[in-house]
Amino acid sequence: MDDLAEPALLDDEAEWGGIASAQTGDAALYLELDGWEGPLDLLLELARRQKVDLRTISILDLVSQYLDYIEQAKALKLELAADYLVMAAWLAYLKSLLLLPRDPEVQPSPEELALKLQLRLQRLGAMREAGARLMARDRVGREVFLRGQPEGLRVDRKALWKCDVLALFQAYGAIKHRTRPVVHMVRERAVMTLDAALTRVSQMLGVAMDWTDLRAFLPLDGDPAMRKSALASSFVAALELAKQGKAEIAQDQAFGPLMLRACASTGAGRAA
Amino acid sequence: MTAPDDLERAVEATLFAAEQPLSEQEISTHLQGADVAASLSALKCTYAHRGVHLVERGGRWHFQTAPDLAHLLRREKEEPKRLSRAATEALAIIAYHEPVSRAEIEAIRGVQTAKGTLDVLLEAGWVCIAGRREVPGRPTIYATTPGFLTHFGLQSRRDLPGIEELRAAGLLDPVDEAFAVLTGGDDEDTDAIDPPDEESADRTD
Amino acid sequence: MTAPDDLERAVEATLFAAEQPLSEQEISTHLQGADVAASLSALKCTYAHRGVHLVERGGRWHFQTAPDLAHLLRREKEEPKRLSRAATEALAIIAYHEPVSRAEIEAIRGVQTAKGTLDVLLEAGWVCIAGRREVPGRPTIYATTPGFLTHFGLQSRRDLPGIEELRAAGLLDPVDEAFAVLTGGDDEDTDAIDPPDEESADRTD
């Protein structure tokens with residue numbers, strides 16, 4: 001039954017005033033058809049015209065008026081929304097029950113149905129009146145006014161910086177740590193200087209008579225870092241000796257062993 | 001008049017400068033946690049006979065012009081838009097029954113409520129969504145806001161016109177409940193031939 | 001206060017609700033041509049000792065907060081915020097080396113220092129500008145403030161632990177991966193002939 005109350009008449013949000021100041025003539029009533037917010041609204045308006053308390057109103061009279069209204073609207077060929085007709089059918093049924101001799105088998109009794117309708121009208125009437133009273137209050141911007149140009153209250157957010165003394169020392173420690181290694185690493189690493197390598201290689205070259213692997217010139221002991229350094233220095237020393245014509249260098253293949261021997265007597269060095 | 005003390009002056013200045021109503025707590029926070037209750041009472045009293053009143057609405061305070069001067073101050077250009085009849089009824093139902101679901105509003109009005117109707121109330125800041133009702137379908141429920149109380153000059157919902165009488169008369173109770181009270185019995189089997197639109201607004205309570 | 005007359009109340013409300021200062025003429029026009037001069041004087045007097053004053057500026061009247069309460073309109077809210085790492089380092093350098101210029105801070109940190117970093121320290125009140133160094137460009141030099149000592153619970157700058165103390169406390173040997181990555185560039189030339197597996201071990205010395 002949900003669709004019975006489908007808002008065929010609801011799309012116009014009718015102004016309250018149009019109803020409140022409704023003309024009293026019947027003709028006007030019919031012309032106001034679009035103004036009703038559904039059958040219950042129409043019933044309430046019909047009840048209001050009886051100028052009696054909703055608690056004492058005769059539902060039978062009200063039902064008759066509603067049915068008359070629908071009949072006349074039909075006669076005027078006014079298009080009626082389905083929910084008005086559904087309500088009319090239901091009210092016609094209620095009316096018949098109310099007029100017929102009481103049948104105790106019919107549950108609930110027509111009086112109870114009438115009472116329910118009355119209760120609904122009372123509630124809608126109460127809310128309608130409450131709405132009107134609410135709208136009639138001293139409303140801000142209509143009857144009472146707020147300050148036109150408030151200065152405004154400002155809240156300035158201020159950062160409360162947090163830092164403790166340990167964080168401060170840690171930061172300084174971090175800076176010192178970060179800048180220290182540059183000096184540190186050179187001093188601590190075991191290296192063979194170029195001069196040392198030159199001396200060592202030329203001395204050993206004098207002893208060795210034939211082609212000798214460069215690696216044979218390296219110190220046997222020492223840590224791997226020292227050996228790396230010695231290898232690099234000895235290589236440069238070998239190049240230097242070759243340049244001076246004191247040694248010859250040969251290598252069979254790329255990355256192969258670098259062979260070294262002393263030059264016999266020729267002044268010219270040769271690198272192979 | 002007697003010279004107001006410093007705190008009273010400070011509260012007065014704060015409320016005058018504020019762009020929106022302030023709660024006692026907010027005023028106090030603004031004034032280094034001072035207890036401002038007495039100052040508020042004193043100020044309210046001081047201003048009671050003036051052209052500007054200090055009023056409390058829903059626990060928040062603001063200055064506004066005295067209602068009896070409305071005829072002098074009404075500004076033609078800025079007349080707030082009239083609320084439609086549907087929106088007025090919906091607002092009244094929400095205010096007097098809150099929190100309510102849309103179905104409950106429709107049950108009272110006997111018609112469906114167009115989508116825009118509630119939007120108008122939400123936009124005006126008079127109504128807010130107050131959660132969902134924990135029943136099947138979990139319908140959204142609506143309630144009024146502090147802004148509603150401010151706009152309509154209500155100190156609290158207890159000030160809603162006639163709310164006590166309506167409550168006493170049972171007019172805020174659902175039809176079925178009132179019916180049960182009046183007939184002294186349960187009415188479960190009556191639904192079958194209820195008036196037509198009542199069913200369309202399926203009750204959720 | 002004595003009850004003001006109706007005209008005075010009307011003037012009061014009109015000025016309260018006005019969106020801009022109003023001249024005597026404008027107020028009068030608003031109030032059916034009433035003579036409002038006396039009401040304005042009376043109101044000015046009435047409000048003279050209050051938290052809000054009625055003032056005339058260039059022939060136009062408006063209410064404003066009493067000047068001595070103007071500070072109430074602004075409230076500072078403090079939000080705790082952790083000092084950034086960059087700012088902490090800059091602060092440490094200033095504390096240990098003061099007075100220092102920004103270029104010197106950068107030289108010691110080995111990283112550029114954003115302008116905002118020093119601003120934060122100035123704002124926190126821990127650092128102040130201590131003049132300019134008499135070298136080309138006359139750079140600003142920074143030093144710590146008494147507030148710095150107070151905040152960090154130091155009697156004087158002599159309380160700052162020396163490098164040896166920091167080392168003893170383990171503060172000079174933080175194994176900090178982030179820093180190793182940041183400063184990795186420094187030992188690139190030694191890494192080049194290292195076997196790859198030794199690379200990581202290299203970093204810890």
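These numbers come from the heavy atoms of this one structure, side chains and all, not from hydrogens, waters or symmetry mates. Note on naming: letters A, B, ... go to the chains in the order of the sequence lines (proteins, then strands), and numbering restarts at 1 for each one.
With contacts defined as side-chain heavy-atom distances shorter than 4.5 Å, the pair Leu153(A)/Leu22(B) qualifies. A heavy-atom distance below 4.5 Å is not found between the side chains of Pro67(B) and Glu143(A). His62(B) has its side chain out of reach of Arg147(A): every pair of non-hydrogen atoms, C-beta onward, lies at least 4.5 Å apart.
The one candidate from Leu171(B), Thr88(B), Ile108(B) that meets the side-chain contact (heavy atoms from CB on, under 4.5 Å) condition with Met127(A) is Ile108(B).
Sparse packing is recorded around CD of Gln20(B), with 12 or fewer heavy atoms of other residues, nucleotides or ligands lying under 6.0 Å away. For Asp159(B), the CG atom is densely surrounded, since the number of other residues' heavy atoms within 6.0 Å is greater than 12.
Salt bridge absent: Arg109(B) and Asp41(A) never bring a charged side-chain N and a carboxylate O closer than 4.0 Å.
At least one donor-acceptor pair under 3.5 Å links the side chain of Thr65(B) to the backbone N or O of Phe145(A). The backbone N or O of Asp173(B) lies less than 3.5 Å from a partner atom in the side chain of Arg123(A), making a donor-acceptor pair. Using modelled atom types, one side-chain atom of Arg137(A) and one backbone atom of Gly153(B) make a donor-acceptor pair closer than 3.5 Å. Checking side-chain atoms of Arg139(A) against main-chain N and O of His151(B) turns up no donor-acceptor pair under 3.5 Å.
His30(B) touches chain A through its side chain: at least one heavy atom from C-beta onward sits under 4.5 Å away, while N, CA, C and O do not. Only the side chain of Leu160(B) has a heavy atom closer than 4.5 Å to any heavy atom of chain A. Residue contact with chain A, scored on non-hydrogen atoms closer than 4.5 Å, involves the side chain of His97(B) exclusively.
Taken from CZ in Arg128(A) to CD in Glu89(B), the straight-line distance is 4.0 Å, to the nearest 0.5 Å. One distance of note links CG of Leu119(A) with CG of Leu182(B); it measures 5.5 Å at 0.5 Å rounding. A distance of 4.0 Å separates CZ of Phe179(B) from CD of Glu112(A), quoted to the nearest 0.5 Å.
Considering only residues two or more places apart in sequence or on other chains, Phe152(B) meets the ring-ring contact (aromatic ring centres under 6.0 Å, His included) condition with Trp126(B), Phe148(B).
Annotation: maximal heavy-atom pairing with chain A below 4.5 Å, among Val120(B), Leu154(B), Val55(B), Asp68(B), occurs at Leu154(B). Contact tally against chain B (heavy-atom pairs below 4.5 Å) for Leu124(A), Asp138(A), Leu134(A): the top residue is Leu134(A).
When all heavy atoms are compared, the tightest approach of Pro150(A) to Ala17(B) is CB-O, 3.4 Å. The two residues Val111(B) and Gly38(A) make their nearest non-hydrogen contact at CG1-CA, 3.5 Å.
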